[in-house]
Amino acid sequence: WKHAPAHFRALLEMSRFHGEKVFLVYEDEHLTFEEHFRRAATLANRLVEEYGVAKGDRVAVAMRNYPDWAVAFSATLAAGAIAVPLNAWWTEPELAYGVRDSGAKVLIADGERAVRLAPTGVPLIVTRGEVPAGARAFEEVLGEVVADVKLPDVELSPDDPATIFYTSGTTGSPKGALGSHRNLGQSPMTVAYGLMRATALAGKDLAAAAGTRRVTLLTVPLFHVTGCFSALTTTMFSGGGLVLMYKWDPEQALRLIERERVSAMIGVPTNAWQLMSHADFGKYDLSSLTTLGYGGAPAPPKLLERITENLPNRAPSNGYGMTETTALAIGNGGADYHARPDSIGLPAAVVDVRVVDPAGTELPHGEVGELCVRGPNVILGYWNKPEATAQTFVGGWLHTGDLAKIDDEGFVYIVDRAKDMVIRGGENVYCAEVEAALFEHPAVDDAAVIGVPHDELGEEVGAVIRVAPGTSVTTEDLRAFLADRLAKFKIPAHVWFRDGELPRNPGGKILKTHLRREILGN
Ligand code: ATP
Ligand code: MG
């Protein structure tokens with residue numbers, strides 16, 4: 001091979017040898033590895049020749065989870081440019097921010113995003129939908145796709161930037177995370193290791209099943225790192241199949257698992273929860289499903305209990321990761337997970353972790369402090385944000401902003417996001433702990449805990465609850481239920497019930513700032 005394996009191009013060239021096997025499935029469309037390679041290589045050449053895209057230029061991709069997303073992403077990286085996946089949920093001003101911030105030279109979008117992107121004036125390539133004036137259609141740009149297409153010639157080294165993913169914006173405005181080819185290259189190995197470990201610990205049969213061709217159902221967007229790295233690039237490398245969804249829908253997911261004989265589901269904890277809560281859950285054949293991986297948001301221990309009950313003999317796993325860690329950094333699965341359902345597990349094969357106090361000094365096991373991560377998965381820094389980069393990446397360690405503790409055996413426990421914690425009369429109340437206790441109640445379908453301003457105590461604990469269909473519960477019931485599980489000061493002083501879903505971003509995270517504004521008006 002001409003290119004070192006740490007380059008995305010090598011991954012793409014290798015994937016070609018999976019040939020006529022189906023790589024991507026979207027509704028009735030099937031794209032084989034060979035077709036994906038040819039289309040991506042062709043588009044890469046067009047970007048270089050017709051759009052003047054050179055090494056280090058940014059190309060933004062703004063689409064739903066279509067196979068074209070993968071083609072556009074692969075083409076950009078193969079051309080030596082930096083891929084900038086934009087959040088498909090973003091409104092026109094948010095998309096304009098992403099384009100401006102990244103300084104994208106070309107935009108590749110679906111019809112829905114294209115109308116919102118056209119006003120930026122940046123050259124636009126459009127798939128699936130109307131092509132605004134001045135833009136060009138994806139298929140027209142591709143032109144003839146020939147069998148012996150070659151990738152454009154570009155010199156790349158492992159530390160060259162490959163991607164700018166925007167963080168979810170849970171705690172502030174989204175930051176561009178600049179990831180390298182090295183970051184990207186380690187992810188299939190990290191994910192494969194985590195999966196093997198989880199299945200091996202769950203039993204021989206599951207481990208054997210995991211060794212065969214894996215068909216993954218992705219229930220979250222490709223524009224976040226879980227979708228792109230834990231699902232897309234990992235599947236590309238391993239020769240499995242990836243089933244894509246326009247958007248999360250539990251019934252559609254059930255249907256796809258049955259139809260495509262899906263073996264692995266990858267998404268956020270709410271996806272697994274809602275799948276099992278669906279009225280038609282029992283009507284589908286889910287026997288092909290062996291692993292359920294989720295992460296990105298706290299997974300209440302109750303979730304594991306429900307999976308064990310409803311989907312026995314599977315290997316569920318909880319993965320912790322950030323945009324800044326190129327997806328997976330720490331993971332829990334198999335017997336480890338059953339023994340410690342409240343832990344995010346052990347660091348991934350290539351990752352170091354530690355917990356520090358506010359001065360940056362490492363804390364002994366068992367003490368709560370800020371979780372720090374180091375390894376080849378940690379990104380180069382934030383795009384265009386030298387101050388935030390200097391604050392977050394200190395002496396080779398990424399400061400996660402998450403409070404955690406590590407036990408004597410090295411298992412990591414997320415306590416809360418530092419910014420989420422409620423401080424009630426000087427006592428720290430970790431929202432994640434109160435939420436996990438609330439999930440134990442059979443009538444609780446979803447829960448979010450927030451701080452409620454209080455003159456004397458500073459803050460009080462408040463809970464927003466979505467009641468499970470066909471059940472009912474009162475504030476008093478809930479408080480009495482929690483009294484057996486939590487210290488008095490952690491029990492919510494206020495409880496709000498709501499019928500609809502809690503506001504979540506596409507990464508499955510509850511938008512607590514929205515919730516606070518909605519409920520408290522602040
Ligand atoms: P922003 O940084 O813009 O505020 P964000 O932190 O939500 O947004 P992401 O990078 O998508 O953006 O999410 C990473 C965060 O998600 C982690 O810092 C952590 O708080 C949370 N998280 C991820 N996986 C888990 C998990 N398995 N359990 C608990 N929390 C998790
Ligand atoms: Mg963050």
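Note that this is a predicted model, so its numbers are computed, not measured. Scope of the values below: all heavy atoms of this structure, side chains included, with no hydrogens, waters or symmetry mates. This chain uses plain numbering: 1 for the first residue, then up along the sequence. Just so you know, ligand 1 is whichever comes first in the structure, and atom 1 is the first atom listed for that ligand.
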(request) Cation-pi check, Arg64 to Trp69: give yes when NZ or CZ is under 6.0 Å from the six-membered ring centre and within 45° of the ring axis, no otherwise. (result) no
(request) Consider ligand 1: state whether an atom of it lies below 4.0 angstrom from any non-hydrogen atom of Gly321. (result) yes
(request) Could you say whether the N/O atoms of Ile344 and ligand 1 ever approach to under 3.5 Å? (result) no
(request) Validate the cation-pi geometry between Arg116 and Trp90: distance from NZ or CZ to the six-membered ring centre under 6.0 Å, angle to the ring axis within 45°. (result) no
(message) So for Glu324, does at least one of its heavy atoms come nearer than 4.0 angstrom to any atom of ligand 1?
(response) yes
(message) Please report the interatomic distance CZ(Phe73) to SG(Cys228), rounded to the nearest 0.5 Å.
(response) 3.5 Å
(request) May I ask you to say whether Arg197 pairs ionically with Asp336, meaning some side-chain N is under 4.0 Å from a carboxylate O? (result) yes
(request) Between Ala297 and ligand 1, find which residue part has any heavy-atom pair under 4.0 Å and reply side chain, backbone, both or neither. (result) backbone
(request) For atom 8 (O) of ligand 1, state which one of Thr170, Leu403, Thr400 supplies the nearest heavy atom. (result) Thr170
(message) For the 3.5 Å polar cut-off, considering only N or O atoms, please tell me whether Gly169 and ligand 1 meet it.
(response) yes
(request) Name the closest protein heavy atom to atom 4 (O) of ligand 1, giving the residue it belongs to and the distance to 0.1 Å. (result) Thr171 OG1, 2.4 Å
(request) Report yes if the distance between the aromatic ring centroids of Phe393 and Tyr382 is under 6.0 Å, otherwise no. (result) yes
(request) With heavy atoms of Thr323 as the reference, note each atom of ligand 1 found under 4.0 Å away. (result) 9 (P), 10 (O), 11 (O)
(message) Looking at ligand 1, is there an atom of it that comes within less than 4.0 Å of some heavy atom belonging to Gly319?
(response) yes
(message) Give the atom numbers and elements of ligand 1 that come within less than 4.0 Å of a heavy atom of Thr167.
(response) 1 (P), 2 (O), 3 (O)
(request) Could you tell me the separation between the CG atom of Asp352 and the CG atom of Leu398, rounded to the nearest 0.5 Å? (result) 12.5 Å
(message) Using a 6.0 Å cut-off, check whether atom NZ of Lys405 has over 12 heavy atoms from anything other than its own residue.
(response) no
(message) How about CG on Asp484, more than 12 heavy atoms from neighbouring residues, nucleotides or ligands closer than 6.0 Å, or not?
(response) yes
(request) May I ask you to identify the nearest protein heavy atom to atom 11 (O) of ligand 1, giving residue, atom name and distance to one decimal place in Å? (result) Ser168 OG, 2.6 Å
(request) Determine whether the side chain, the backbone, both or neither of Asp402 has a heavy atom under 4.0 Å from any heavy atom of ligand 1. (result) side chain
(request) Would you check whether Arg417 reaches within less than 4.0 Å of ligand 1, judged by its heavy atoms? (result) yes
(message) Here's one to test your reading of the geometry: is the NZ or CZ of Arg340 within 45 degrees of the ring axis of Tyr337 and under 6.0 Å from its centre?
(response) no
(request) For ligand 1, indicate whether the residue Lys509 contacts it via side chain, backbone, both or neither (heavy-atom separation under 4.0 Å). (result) side chain
(message) Please determine whether the number of non-hydrogen atoms from other residues, nucleotides or ligands lying under 6.0 Å from atom CZ of Phe411 exceeds 12.
(response) yes
(request) Check whether any N or O atom of Gly296, backbone or side chain, sits under 3.5 Å from an N or O atom of ligand 1, and answer yes or no. (result) yes
(request) Determine, stepwise, if the pair Gln186 / Thr190 fulfils side-chain hydrogen bond (donor to acceptor under 3.5 Å, both in side chains). (result) CA-CA 6 Å; Gln186 61 74 47; Thr190 310; 2.5 Å; yes
(request) State the atoms of ligand 1, each with its element, that fall below the 4.0 Å cut-off from a heavy-atom position in Asn318. (result) 27 (N)
(request) May I ask you to check if ligand 1 and Ser173 share an N or O to N or O distance below 3.5 Å? (result) no
